[in-house]
Amino acid sequence: MSLGLSRLVRTLAAAGAMFVALTTVSVAHAWGTEGHQVVALIAQSQLTPKARVEVDRLLAQEPGETLASVSTWADEHRNPSRASWHYVNFPRGDCVYDESRDCPDGYCVVGAIKRQLQVLGSNAPDDKRLNALKYVVHFVGDVHQPLHAGYLDDKGGNTYQLQAFMRGSNLHAVWDTGLIKNLNEDAESMATRLQGTHLVFPVADLDPVTAAQESCMIVSMAGFYPDRLVGQDYIDRFTPDMERRLAAAGARLAGILNAALK
């Protein structure tokens with residue numbers, strides 16, 4: 001093979017690899033498996049005795065399942081008709097939730113949490129209440145991922161392409177999984193560590209609207225959108241914010257379940 005042809009082959013292979021890297025993260029799920037499990041584990045530790053008994057009773061319909069193991073069920077059973085249940089989009093520069101504008105007909109993560117909580121706290125059949133529990137655990141995690149309450153014009157950072165952790169990615173994926181995986185901890189270790197800090201504390205305001213607005217305000221922070229390369233400075237600055245959102249999600253989820261199952 002000539003030198004020129006060899007160089008062309010290598011160039012095309014590199015371009016193909018970059019294309020795969022970019023396209024495989026184009027549709028990201030909030031927090032990834034590990035992040036959602038961390039949220040569920042933190043919440044589990046803060047359940048009241050009565051809420052814990054009811055959670056365990058509902059989960060017993062599917063032996064072996066735990067709050068952490070069902071935390072990704074909503075992603076595993078995701079379909080196009082329910083895709084909008086996982087996020088809410090704000091106009092750039094406006095983090096004040098407007099239901100008619102941001103969640104028409106309740107088709108956003110805020111509306112989904114409220115609907116599923118109604119089922120969970122009702123006298124509906126246990127199988128429907130179990131599904132509602134699975135949705136609530138997942139969606140409360142989702143709404144605390146900043147880019148699940150980000151801007152409409154870039155689809156919550158999904159179309160903001162960049163380089164991160166030595167690969168092509170997008171900003172949404174960096175927050176879903178990149179910052180978490182960079183810590184090199186399993187879910188149990190991370191949840192235990194966060195619970196041993198000042199980050200995990202009971203949350204008085206359980207309204208998912210508040211959680212969505214908090215997330216949007218983080219997205220609005222100066223420097224949240226990096227230049228097209230995520231460097232160590234970005235990782236060092238925003239990893240504590242990521243940890244605070246996981247901790248807040250776990251605490252708020254516990255409060256929501258305690259209130260719904262009292």
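Only this structure's heavy atoms are used, side chains among them; waters, hydrogens and symmetry mates stay out. Note that the structure is predicted; figures quoted are calculated from it, not measured.
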I'd like to know if [X] and [Y] make a salt bridge, using a cut-off of under 4.0 Å between side-chain N and carboxylate O.
X: D205; Y: R252; value: no
X: K181; Y: D176; value: no
X: E65; Y: K134; value: no

Would you say [X] and [Y] make side-chain contact, with heavy atoms under 4.5 Å?
X: Q46; Y: V200; value: yes
X: H86; Y: V109; value: no
X: N170; Y: T159; value: no
X: L179; Y: F165; value: yes
X: C216; Y: P146; value: no
X: D102; Y: P91; value: yes
X: D154; Y: L171; value: no
X: E54; Y: L257; value: no

Taking [Y] as the starting point, is it possible to reach [X] by hopping between hydrophobic residues whose side chains are less than 4.5 Å apart?
X: L152; Y: V110; answer: no
X: L194; Y: L67; answer: yes
X: L117; Y: Y87; answer: no

Self-check item: ring-ring contact (aromatic ring centres under 6.0 Å, His included) between H172 and Y160, worked out
Solution: CA-CA 8 Å; H172 194 111; Y160 193 83; over 10 Å; no
Exercise. List in chain and number order the residues that pass ring pair (Phe, Tyr, Trp, His ring centres under 6.0 Å) with F90, two or more places apart in sequence or in another chain; answer none if no residue qualifies.
Key: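 Listed in chain order: nothing, the list is empty.
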Exercise. Identify, with sequence neighbours excluded, every residue that meets ring pair (Phe, Tyr, Trp, His ring centres under 6.0 Å) alongside F224.
Key: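 Counting only residues at least two positions away or on another chain, F224 forms a ring pair (Phe, Tyr, Trp, His ring centres under 6.0 Å) with W175, F238.
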Quiz item: Can you check whether H138 and H36 have ring centres sitting under 6.0 Å from each other?
Solution: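 Between H138 and H36, the centre distance is under 6.0 Å.
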Practice problem: Under the salt bridge (Lys or Arg N to Asp or Glu O under 4.0 Å) rule, collect the residues that match up with E185, sequence neighbours excluded. | Solution: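 Salt bridge (Lys or Arg N to Asp or Glu O under 4.0 Å) check on E185 returns R193.
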Quiz prompt | Derivation of the side-chain contact (heavy atoms from CB on, under 4.5 Å) call for K114 and V209 | solution = CA-CA 10 Å; K114 292 181 176 181; V209 170; 4.0 Å; yes
Practice problem: Compute whether any side-chain donor of one residue and acceptor of the other, for Q145 and S215, lie under 3.5 angstrom apart. | Solution: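 S215 and Q145 do not have a side-chain donor-acceptor pair below 3.5 Å.
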Quiz item: Using the ring of each side chain (for Trp, its six-membered ring), is Y225 parallel, tilted or perpendicular to Y151, with breaks at 30° and 60°?
Solution: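 Rings of Y225 and Y151: parallel, under 30°.
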State, to 0.1 Å, how close [X] and [Y] come at their nearest heavy-atom pair, and which atoms those are.
X: I180; Y: G35; result: CD1-CA, 3.7 Å
X: R237; Y: D241; result: O-OD2, 3.5 Å
X: L206; Y: V203; result: CD2-O, 3.3 Å

Quiz item: Honestly, is R115 close enough over W85, meaning NZ or CZ under 6.0 Å from the six-membered ring centre and within 45° of the axis?
Solution: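 That pair qualifies as a cation-pi contact.
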